[in-house]
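We name chains A, B, ... by the order of the sequence lines, and we start the count at 1 in each one. Just the heavy atoms: all of them, side chains too, but no hydrogens, waters or symmetry mates, feed the values below.
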Amino acid sequence: MNDMRIVERTVDTHDVKIDAKDVNVHYGTSHALKGVSVAIPDKTVTAFIGPSGCGKSTFLRCLNRMNDTIASCRVDGLIALDGEDIYDRRVDPVQLRAKVGMVFQKPNPFPKSIYDNVSYGPKIHGLTRNKAELDEIVESCLKKAALWNEVKDRLHSPGTGLSGGQQQRLCIARAIATSPEVLLMDEPCSALDPIATAQVEELIDELRSSFSVVIVTHSMQQAARVSQRTAFFHLGNLVEYGETGQIFTSPQDPRTESYISGRIG
Amino acid sequence: MNDMRIVERTVDTHDVKIDAKDVNVHYGTSHALKGVSVAIPDKTVTAFIGPSGCGKSTFLRCLNRMNDTIASCRVDGLIALDGEDIYDRRVDPVQLRAKVGMVFQKPNPFPKSIYDNVSYGPKIHGLTRNKAELDEIVESCLKKAALWNEVKDRLHSPGTGLSGGQQQRLCIARAIATSPEVLLMDEPCSALDPIATAQVEELIDELRSSFSVVIVTHSMQQAARVSQRTAFFHLGNLVEYGETGQIFTSPQDPRTESYISGRIG
Amino acid sequence: MTNDNPHIASAFDRDLEAVQALIMKMGGLVETALLDAAEALVTRDEEMAIRVRNGDNAVDALEEQVNAECARLIALRAPNATDLRTVLTVMKIASSLERCGDYAKNLGKRAMVLTQMAPIGATAGSVRRMAKAVQLLLKDALDAYIARDVALAADVRLRDREVDQMYNALFREFLTHMLEDPRNITACMHLHFIAKNIERVGDHATGIAEQVIYLVTGKHPEDARPKADVTSGPAE
Amino acid sequence: MTNDNPHIASAFDRDLEAVQALIMKMGGLVETALLDAAEALVTRDEEMAIRVRNGDNAVDALEEQVNAECARLIALRAPNATDLRTVLTVMKIASSLERCGDYAKNLGKRAMVLTQMAPIGATAGSVRRMAKAVQLLLKDALDAYIARDVALAADVRLRDREVDQMYNALFREFLTHMLEDPRNITACMHLHFIAKNIERVGDHATGIAEQVIYLVTGKHPEDARPKADVTSGPAE
Amino acid sequence: MTDISANGAAPQVRSSILVQDVKMRRRNAAETRFKSYGLIAIAISLAILALMLFTIFRDGISSFRQAQLTFPVELSAGILDPNGARNPADLAKVTTVGYGRVLDVALLKALADKGIALDDPKQATALISKAAPAQLRNIVLANPAQIGRTIEVEVLALGRVDGYFKGRVTRETAERDPQIKPVQLDLIDKMRGAGLVALHFNWNFIFGTDASEQRPEAAGLGIALIGSAYMMLLVVVLSLPIGVAASIYLEEFAPKNRWTDLIEVNISNLAEVPSIVFGILGLAIFINFAQFPMSSSLVGALVLTLMTLPTIIIATRASLRAVPPSIRDAALGVGASKMQTVFHHVLPLAMPGILTGTILGLATALGETAPLLLIGMVAFVTNYSATPLDPATALPVQVYSWASRADPAFIERSNGAIIVLLAFLVVMNVVAILLRRRFETRW
Amino acid sequence: MSVLLLLAVMAAIGAAGYIFCRGRVMAQVGGNPRELHSLPGYYGWNGAIMATLPALAVMVVWLIAQPLILESRVVSHLPEATAAEPAARKLAMADIRRVASGLDLAVAGGAIPAQDVATISPGEVRARLGTVGVALGSDVTPETLAAAITWRDQARSGLIGRSVVVILVALAGLAYALMATKPDFRARNRVEKVVLGGLIAASTVAILTTVGIVASMLSESFEFFGMYPWTEFFFGVTWSPNFSGGSTFGFLPLLWGTLYITLVAMLVAVPLGLFAAIYLAEYASPRARSVIKPLIEVIAGIPTVVFGIFALITVGPFLRDWLAQPLGLGNSGSSVMTAGIVIGILNIPYISSLSDDIINAVPQSLRDGSFGLGATKSETVRQVVLPAALPGIVGAGLMATSRAIGETMIVVMGAGAAAKLSLNPFEAMTTMTVKIVGQLTGDTDFGSPETLVAFALGMTLFVITLCLNILALYVVRKYREQYE
Ligand SMILES: Nc1ncnc2c1ncn2[C@@H]1O[C@H](COP(=O)(O)OP(=O)(O)OP(=O)(O)O)[C@@H](O)[C@H]1O
Ligand SMILES: Nc1ncnc2c1ncn2[C@@H]1O[C@H](COP(=O)(O)OP(=O)(O)OP(=O)(O)O)[C@@H](O)[C@H]1O
Ligand SMILES: [Mg+2]
Ligand SMILES: [Mg+2]
Ligand SMILES: O=P([O-])([O-])[O-]
């Protein structure tokens, strides 16, 4: 049963963007991730699913070293972005995070204007020479985030005044303004209502033409809807990783099957 | 197409438990609910669905007068519990709430022991004469909430130490300890992970043998899974109210159809 | 069905079981109709033939109910993986059984006509034997489905060959009768169609067996279905 | 299909359209096969008959693909209301078309056999006319589906009557030939089955039309399907 | 990387993450600088704190030890009990002048016994503190049976003697000092050699009464301690219930209208009103209008209560607000009334915060000086106050009044008083923190 | 019966009310609490409240009213002239009270037989009272004695009446409560209403305080401005009070001193406090923070008088010897610098702790958002955290400013008492608060402008800090709405 025969839906064999090999994470003495190896392709949406506490967020945060801020967290194994080890001593995590952007569970726009929210990243990284360039970036990012039409008349009103779904799209615009190569999203829709969720999912689907997107979600339906590849985590292990259609129609591992079909996992 | 022909699934024509007629709610000058009339049957699960801000919670909170605590809120129309107007002057809302219990979005156990959580309601309502009776109530409620086996050895440890799903079941046990007749639930699973959600849904399904349950949810899947009757709200109006299977397979109103099939509502 | 790994939502399991019970009920009706039609043919019992013809309404109604239930299950429970395959399989099987019911009804109708005509040798007995064999096939296929028994399903697929051979024998027998006596032609035409219909029921039983294999393994059986019906053209 | 009320998730619409495109592709293949088989019969073109027989593989593969796509759609998108009906209808139609493909293949096979035998009067032409009528029926049913055109679908249901009448005429014609000359019996048997198969395709077209009505209105057509095939027994 | 805008997502050059560019290095340097500013600020603050505490302890710790003269005294019955009846009434009539004579005689005798020669007996007798006779008198009155016997007594030496011991008084300053002469310092050296004078722990400093400007050696903190204790007690008893009640009303019950807004603004404002203004209030309302006794700890406590109330209310409201609304919903949802909700669930959860506010408020009240000056608590009080209505003074006021006296000996005592004040503060805090811990560790 | 005894009796009746009402209602439902509207305890409390609260109110009214009524009665004994002139009348009434209570004491001590009180002569009184330790200043006039005797008589009958009435009211309340006690009586609602009344009363204390502050300063301020032109006060540049009269009260030097010292204080406190707060909130490890923050807060817990001493004996001399004298800027230990620096130090913890809390209240999600974009910590702090926290920090700064303006003891001990208009920060200057203390603790007549000016200063100070506080409140409130 090959679900992928229709041309439009085929996942081309993309280059591997992030290659994680045998990643182990400990929080103090607790072993949160156990030998996870995942190759995340470029220009695809990869979903991480699994029961609460299985280590999805932990793994996601390894990918842009947001875990560095947790003192007790220790990461072993190799994670390579375009072949370069991101845990190398020479890597400045600040620079890494500009390349591997992140969008969070709750929309968290800065309490500044919409414009300032988007231009913040380019400004601190010195990506522009002048105001005109900055304006251009802001506009193009808001367009990519499917927000431009809704906010173009009030770029200088506060970002916190937008609705939840708009805020989340603003956060996505802000993240892509630093021209990252990978976009990590940790449960980006769990604070949104169904309509806003659908809009953000639609946006994610469009973003994959330019970015490699990794999304953590509790909603299997969401993973099914937005992703091309799905990884199922369980108790810190990567149980199954494969094409989304296959995971949801004929998973190989009984644990995956149990989880996605709503049996006790 | 009659979906209800199999005997086990038929909704018997139960007595009407709560009868709301032409309910209008204003918050100050804003008209949040517009002439809603719903007859909620006894011993059934009724789900309220609809986009954010459509007035689901508002209507739910009318049913046990939790809206009384909001100064700007004005409720018109008739809401009768077993034929008695709950907005009558002689009704003490405090007593009403003991009959119409409520479970909230986020599990909110009191920071006390499990036992104290459950026994609080019976205590303040003077439902018991002595400790033995109280013990009995606590045990039977925890059993009804499918929590007894998990906590019977630690009744005196804090309720806040339980997992999210267990906490929510504890809150349900607490709510049924005052022996209410109706149980209102406002998005009771939105803070839970899928497994805990499934457990709570399963519990709701069992509760309907003893209570009339009204549940507000953002998840149409959830409404579909747990309820026998579904009401769809839109912009403060009750658009459609009927048997759940029918709402989800062949809704009558195009707005319902748009909403449940993920089109822009 | 096996229930050693139940859903957290037990109502889901109950619904799945209910719809599968409908399938078994359908299967039972169809098997009886098949045997009864053959019996009516042998005993030239017009009453029974009429009963068979009218009995199909129940099967049709059941199929519609199964479809509605499945639609409902999909709408309300959003099944996936095994559950989804179960639901889809149920719909396929129901549609197969409905077709089988139609064939049985057609048998009944033709039996009604044949009772008005002179009997043709011992053909009715052969037809009943074939019907019996096919009914067994159908029963085993449904049993395999309920037990999720891949071995039994594979066995059903193999035994369809025998039914095909029985059909070939009957085909030749009827042809002989027609050539012998042109007066037999009309009756034999009906018998031809009766045998063909029974053979088709056998094919449907095989189809159900294949659904069982798909359901359990997630794959359709690889080897082409062994076909021994040579009457429609050159064997491949 | 009508897309004036698109899903927020545009990929859902794309998927739905893709799977419906597959149906159209299947329909095209089946229609061609049907016409080609009739043509082969008339022109006694064995090559063409073989092509038709082998062409069925593509149809079978397409059905499997449609089923897989639909399973996938259900698993990934949890459709309900109209969307769910669309998906279920697609599966039903695909399975009908697959059956039609099988009939066409069977036609091809029998045409291959018939080319080896002496032609029987002008029957082949009648068969082709009937095939043409049925092909039109199928085309209109599928067009009704794509356009969600209930009126056209109702028309298809009515026109099936004509096909049934054509079949009745053919049935009598073949019977006459058989009674006239027992040497014709074998060939006529094949022609009988050919005509029956074509009639069955017409029935499937009607079934598709009924699916369309169900899809659009959410209800199955109430009045019993008008049936004019009187060959299998007494008219009800 | 500036052409990003053309095709936002696809930068032309894919830079390696393994090399730091110039921009990055500059940003990291700024980071280090910024961090060091914070460290410097903290270092300065802590250094000043340490310096303050160090100077206070350096200058004040010595006040707990006091130069004392130790010598045998013959309690001559002739002077102390002329009637010989040992009648307490009669004994009480003997003035300190009499005791002074007894001490003088005894000291001279003791000196003679030790073989210390004197130019002038006055040189020796002047070394006895003016407060010593009263001390002796108290000893005798406490046990009249001793009259007629010779007992070893320990009495205060003159403040200058103490100063000499602690290095405050030197021969140079003595030249200019009317109270002591360099010769006397020599005498002190000799006496010290003979064991007649030495530094001893000074309970009188902690529990004794204040003394006049002339006798720094006798000044004690007892009355201030009692006054402060009374005031703290009253402040807790008044401000905690009123503050909590007011907070509960405002936070949980009050409708949001102009009246409650006014109360809000008022409370926030009162929290920052200069303390001196509260002094004016106390003076005008409690003393001039309500006729409460001047200088009494009751008035002090009332003023301080009004001062601490806003602090307690603000802290209490903050901690009430910090109790998640979901708890209130939960209680209301099972049919508890609003009052039950507050008293059963909200208040217990807010208790740690309320106690923190109380600690803060009391600490401020304890150290407050200015308003007490205005209501007369700076007055020179010599009797221990028995009730809060009696005149009293307070620790910080005592510190202030000693610090403003001319005699440098009072500077030392002032620092010593600060140490006692801080100790008082620490004790209060420890009690409150223990209490708070009890509430916190419930879960 | 004395007040205390009466209170005890009321408490006893209240306790009885609790027991009876609770018992009664339980008896009515046969011990099954399910049939009651409220828990049994509420019926009890209702009984207790009904028995005590009205009685207490009657007693309080009586306590306030009785002296007033008595006064109006005895006033007839006084000479016309005395009665007409308020001050004299006040004095006379005080005398009467003292004599009356002296007589009470004398009777109690047995110095005067009870029956002789009415006939005692004015001459005797002083001596007799002396024996029981009541010293009367001046001789007792016959009028005073007569008035005192009347006062005493009426007070005694009032006392008896009070006891009787109060106890009767208590019993009536109890009876009423008992009658009202029925199972469907809404006892809880009643009790809760009373508690709510108590809560409301408590919350008006704050208002009363403000009213008291304003009332206590307003009339005296007006009195002062009646004696001294307000233009000269507000715009005068010389401050030289002279206790023997002829003072000039130019307010500007005081204002200048106040502002100058506040400025220096804020220059010290704001940078130190803010940077400390940033370090604590953003950089310090939780352990370091848990040690350092309380340590800095210790500074706030130290009484200001201690800082005063620190200024007086450590900072002042240090600045004089190491800065002022070498630079030739003066040789005063007390100076604007001294007081300013010390007040600044005192204010560090206010700024640092408040700012630390405010910075911490900035949601972590904003920081994560910034880090996720590849910002460094300092960029995050400067560009995201501080702007978000700024209104709160400004509020904290304004509060600290108003504290600096109102600070008294440090200025008294550190800045001196000389009112001057000068730019030299090493010169001694003074502030309004110092002058308030000075003028009010000086030994002058309460009615003289030299004293009353303190109230005018107090009023001005109050208005200034009020404005600052309202400003701070406004800023802080606006900030609260930021992320919600
Ligand atoms: N900062 C931390 N310190 C210690 N343990 C942690 C920390 N963060 C996570 N863990 C533990 O690591 C494990 C994996 O956590 P993680 O947050 O990655 O789970 P998750 O799959 O994202 O779950 P969820 O769906 O609930 O977000 C859990 O057991 C969790 O308790
Ligand atoms: N306390 C309130 N004061 C004023 N307006 C309110 C208040 N609560 C709700 N509303 C308004 O009433 C309308 C209905 O709100 P309600 O909370 O009932 O929606 P809802 O359907 O529960 O939405 P959600 O799914 O987001 O919970 C909304 O427009 C909301 O803004
Ligand atoms: Mg997570
Ligand atoms: Mg809601
Ligand atoms: O447990 P959560 O992942 O839903 O926060």
Engineer: With a 4.5 angstrom heavy-atom cut-off, could you sort out which part of E:L425 is near chain F: side chain, backbone, both or neither?
Structural biologist: side chain
Engineer: If you measure from OG on F:S203 to CZ on E:F253, what distance do you get to the nearest 0.5 Å?
Structural biologist: 11.5 Å
Engineer: Kindly compute the distance separating CG (E:L49) from CG (F:L295), expressed to the nearest 0.5 Å.
Structural biologist: 6.5 Å
Engineer: Are the charged groups of F:R403 and E:E272 less than 4.0 angstrom apart, N to O?
Structural biologist: yes
Engineer: Just verifying a value: how many Å separate F:M399 CE and E:N269 CG, rounded to the nearest 0.5 Å?
Structural biologist: 10.0 Å
Engineer: For the side chain to side chain contact (heavy atoms under 4.5 Å, CB included) test, which of F:V205, F:T209, F:N469, F:I207 pairs with E:L270?
Structural biologist: F:T209
Engineer: In terms of heavy-atom pairs under 4.5 Å, which option from F:M432, F:M459, F:E379, F:M413 contacts chain E the most?
Structural biologist: F:E379
Engineer: Heavy-atom pairs under 4.5 Å with chain F are the metric here; pick the option from E:L39, E:N28, E:I48 that has the most.
Structural biologist: E:L39
Engineer: Which region of E:A254, side chain (C-beta onward) or backbone (N, CA, C, O), has a non-hydrogen atom less than 4.5 Å from a non-hydrogen atom of chain F, or is it both or neither?
Structural biologist: neither
Engineer: Given that the side chain runs from C-beta out, which part of E:I411 has a heavy atom under 4.5 Å from chain F: side chain, backbone, both or neither?
Structural biologist: side chain
Engineer: Between F:I345, F:V191, F:V298, which residue shows the highest count of heavy-atom pairs closer than 4.5 Å to chain E?
Structural biologist: F:I345
Engineer: Of the non-hydrogen atoms in F:G212 and E:I285, which two are nearest, and what is the gap between them?
Structural biologist: O-CD1, 4.1 Å
Engineer: Tell me, side chain or backbone of F:V412 under 4.5 Å from chain E's heavy atoms, or both, or neither?
Structural biologist: side chain
Engineer: Below 4.5 Å from any heavy atom of chain E, which atoms of F:I200 appear? Answer side chain, backbone, both or neither.
Structural biologist: both
Engineer: Less than 4.5 Å to any heavy atom of chain F: does that hold for the side chain of E:F289, its backbone, both, or neither?
Structural biologist: neither
Engineer: Heavy-atom pairs under 4.5 Å with chain E - which of F:E297, F:E407, F:E282, F:R382 has more of them than the others?
Structural biologist: F:R382
Engineer: Quick check on E:Y400 against chain F: is it the side chain, the backbone, both or neither that has a heavy atom closer than 4.5 Å?
Structural biologist: both
Engineer: Using non-hydrogen atoms and a 4.5 Å limit, figure out which bit of E:L46 sits close to chain F: side chain, backbone, both or neither.
Structural biologist: side chain
Engineer: If you count heavy-atom pairs under 4.5 Å between each of E:A284, E:A245, E:S414 and chain F, which one has the most?
Structural biologist: E:A245
Engineer: In this structure, are over 12 heavy atoms from other groups packed under 6.0 Å from E:R58 atom CZ?
Structural biologist: yes
Engineer: Which one of E:G243, E:A363, E:S268 has the most heavy-atom pairs closer than 4.5 Å to chain F?
Structural biologist: E:S268
Engineer: More than 12 non-hydrogen atoms from neighbouring residues, nucleotides or ligands closer than 6.0 Å to NZ on E:K35, yes or no?
Structural biologist: no
Engineer: Show the numbers, then the answer: is there a side-chain contact (heavy atoms from CB on, under 4.5 Å) between F:R188 and E:M339?
Structural biologist: CA-CA 10 Å; F:R188 179 176 47 69; E:M339 203 64 84; over 6 Å; no
Engineer: Quick check: closest heavy atoms across F:A276 and E:A41, and the distance to 0.1 Å?
Structural biologist: N-CB, 3.7 Å
Engineer: For E:L395, is it the side chain, the backbone, both, or neither that has a heavy atom closer than 4.5 Å to a heavy atom of chain F?
Structural biologist: neither
Engineer: Among the options F:I348, F:L466, F:I470, pick out the one with the most heavy-atom pairs lying under 4.5 Å from chain E.
Structural biologist: F:L466
Engineer: Is it the side chain or the backbone of F:I309 that comes within 4.5 Å of chain E heavy atoms, both, or neither?
Structural biologist: side chain
Engineer: Name the option with the most non-hydrogen atom pairs under 4.5 Å to chain F; the candidates are E:V277, E:T260, E:I267.
Structural biologist: E:V277
Engineer: Measuring heavy-atom distances to chain E, does F:T204 have an atom under 4.5 Å in its side chain, in its backbone, in both, or in neither?
Structural biologist: side chain
Engineer: What distance do F:I436 atom CD1 and E:L374 atom CG have between them, rounded to the nearest 0.5 Å?
Structural biologist: 8.0 Å
Engineer: Using a cut-off of under 4.5 Å on heavy-atom pairs, state which of F:T314, F:L272, F:I292 scores highest against chain E.
Structural biologist: F:L272
Engineer: Does any part of the side chain of F:P303, heavy atoms only, come nearer than 4.5 Å to the side chain of E:E368, both counted from C-beta?
Structural biologist: no
Engineer: Considering only heavy atoms, which portion of F:V381 lies under 4.5 Å from any heavy atom of chain E: side chain, backbone, both, or neither?
Structural biologist: side chain
Engineer: With a 4.5 angstrom heavy-atom cut-off, could you sort out which part of E:S45 is near chain F: side chain, backbone, both or neither?
Structural biologist: both
Engineer: Shorter than 4.5 Å, heavy atoms on both sides: which option in E:G38, E:P310, E:G367 has the most such pairs with chain F?
Structural biologist: E:G38
Engineer: Using non-hydrogen atoms and a 4.5 Å limit, figure out which bit of E:I44 sits close to chain F: side chain, backbone, both or neither.
Structural biologist: side chain
Engineer: Where does E:F286 contact chain F at under 4.5 Å (heavy atoms): side chain, backbone, both or neither?
Structural biologist: neither
Engineer: Against chain E, label F:L468 side chain, backbone, both or neither, depending on which of its atoms sit under 4.5 Å from a heavy atom there.
Structural biologist: neither
Engineer: Under a 4.5 Å heavy-atom cutoff, which of F:L457, F:V195, F:T304 has the most pairs with chain E?
Structural biologist: F:V195
Engineer: Out of E:I359, E:L262, E:I276, return the one with the most heavy atom pairs under 4.5 angstrom to chain F.
Structural biologist: E:I276
Engineer: Mind checking the CD1-CD1 spacing from F:I213 to E:I280? Nearest 0.5 Å is all I need.
Structural biologist: 9.0 Å
Engineer: What part of F:T465 lies closer than 4.5 angstrom to a heavy atom of chain E: side chain, backbone, both or neither?
Structural biologist: both
Engineer: How many angstroms lie between CZ in F:F310 and CG in E:D59, if you round to the nearest 0.5 Å?
Structural biologist: 11.0 Å
Engineer: Any heavy-atom pair between the side chains of E:L283 and F:L440 that's under 4.5 Å?
Structural biologist: yes
Engineer: Verify side-chain contact (heavy atoms from CB on, under 4.5 Å) between F:F462 and E:V273, making sure each step is shown before the conclusion.
Structural biologist: CA-CA 7 Å; F:F462 181 76; E:V273 164; 3.7 Å; yes
Engineer: Below 4.5 Å from any heavy atom of chain E, which atoms of F:M409 appear? Answer side chain, backbone, both or neither.
Structural biologist: side chain
Engineer: Using the six-membered ring wherever Trp is involved, compare the ring planes of F:Y283 and E:F34 and label them parallel, tilted or perpendicular (cut-offs 30° and 60°).
Structural biologist: tilted
Engineer: Go through it in stages, so that I can follow the logic: the residues are E:I56 and F:V306, the test is side-chain contact (heavy atoms from CB on, under 4.5 Å), and I'd like the CA-CA distance, side-chain angles, deciding distance and then a yes or no.
Structural biologist: CA-CA 9 Å; E:I56 287 166; F:V306 177; 3.2 Å; yes
Engineer: Heavy-atom cut-off 4.5 Å, strictly under: side chain, backbone, both or neither for F:A454 against chain E?
Structural biologist: backbone
Engineer: Can you say whether F:Y350 sits under 4.5 Å from chain E via the side chain, the backbone, both, or neither, judging by heavy atoms?
Structural biologist: neither
Engineer: How far apart are the C-alpha atoms of F:T376 and E:M24, what are their side-chain angles, what is the distance that settles it, and do they pass the side-chain contact (heavy atoms from CB on, under 4.5 Å) test?
Structural biologist: CA-CA 10 Å; F:T376 64; E:M24 201 56 232; 4.2 Å; yes
Engineer: Check whether E:E252 gets within reach of chain F through its side chain, its backbone, both or neither, counting any heavy atom under 4.5 Å.
Structural biologist: neither
